[in-house]
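First the structure, in the form of structure tokens, and then the observations on it.
Just so you know, ligand 1 is whichever comes first in the structure, and atom 1 is the first atom listed for that ligand.
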Amino acid sequence: MKTIFAVFGDPVEHSLSPVMHNAAYKALGMDCKYHKFRVTMDDLEAAIMGARAMGFGGLNLTIPLKEKALDIVEPDTMALVIGAVNTIEFPGDAIEFSDDTIAGITGIVGHNTDGIGAVKALAASGVDILDSRVLILGAGGAARAVAYQLAKDGARVTIANRTTGRAQELAENVRSVGDANGTGLEELPELTANADIIINTTSVGMHPDTDRTLVTADMMHTGQVIFDIVYSPLETRLLREAKKAGAVTIDGIRMLVLQGAESFRIWTGIEPPVGVMEQAVRDVLGSK
Ligand code: NAP
């Protein structure tokens, strides 16, 4: 019987998760299908329980359900510190690729794969984060995941945010796992000059305000790594500025695909075909 996976969100129409996961199942010849469902906050618990009852292989959650899920599932350590769940695992529901009986449900576990997606995106571009000075722009949901994972993996993190208090509060929390400081955007030229890696986790530059950037070429230098997690447009103004400055660039698709690949690994225990998943997403975004 076909195994069903899904992303729940509200709105969810924009989600690229079905594209990348269905491409992976096809490439590996797996009898699985990934769908998107609009689920409201009020219906989240019923929807998760329903998915488990129907033997779904696993779920992703997107806006605005990630935080609410903490009250419904058992979050793992990373989801708990980040304060958001983007991947739900139904352990005990051994993925059904034959007609064997499914048995032994032990609970529902919530993971957050955004941070690991970001770290793997850097690694895939040959960037070593250990002891490197990382400037994270933004202190929202994505920044939380990125900052925790990078600090935990040994980077020296500075979080700079428009609302300084949010950056300071996040840095204080992140210090429980590693090295982190929080500040505002006033000192951006100096912070930029002193960073080995700059990661934009703000929505600045995202469609439709595609001409905006917090950092310009004159503030960067050759050899720096500029990673923009925004993936709409594919090439943001920030990445264009980085190319002008001779910096190494990494776009948001890598992180998007690698966080999805991590979900795939959690659910199936199978190594995901990352290249196939990435190409499927690039084809869809490139054609828009
Ligand atoms: P969020 O929680 O709403 O956080 C938004 C952040 O952007 C906040 O730090 C906010 O600062 C800052 N910001 C917004 N407008 C700004 C402006 N005009 N000037 C300076 N700072 C500004 O959003 P999120 O969920 O973290 O998502 C942020 C972006 O990351 C989105 O574009 C999203 O699509 C992308 N994303 C990509 C991936 C991926 O896999 N590639 C994953 C997750 C998210 P304040 O605190 O001052 O408001």
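- Using cut-offs of 30° and 60° for the angle between ring planes, the F5 and Y34 rings count as parallel.
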Can you list, pair by pair, the side-chain donor-acceptor contacts under 3.5 Å of residues 169-178, counting residues two or more places apart and other chains?
residue : atom : partner : partner atom : Å
N173    : ND2  : E169    : O            : 3.3
R175    : NH1  : A180    : O            : 2.7
S176    : OG   : N173    : O            : 2.7

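- Sorted by chain and number, the heavy-atom contacts of ligand 1 below 4.0 Å come from G138, A139, G140, G141, A142, N161, R162, T163, R166, T201, T202, S203, V204, M206, R212, I229, V230, Y231, G252, M255, L256.
- Comment: R240 does not engage E235 in a salt bridge, judged by the lack of any side-chain N to carboxylate O separation of less than 4.0 angstrom.
- Checking V204, T192, D228 one by one against V215, the side chain to side chain contact (heavy atoms under 4.5 Å, CB included) holds for a single residue, T192.
- Between F8 and F37, the angle of the ring planes goes over 60°, which puts this pair in the perpendicular group of the 30/60° scheme.
- Of the N and O atoms on the side chains of T216 and D218, at least one donor lies less than 3.5 Å from an acceptor on the other residue.
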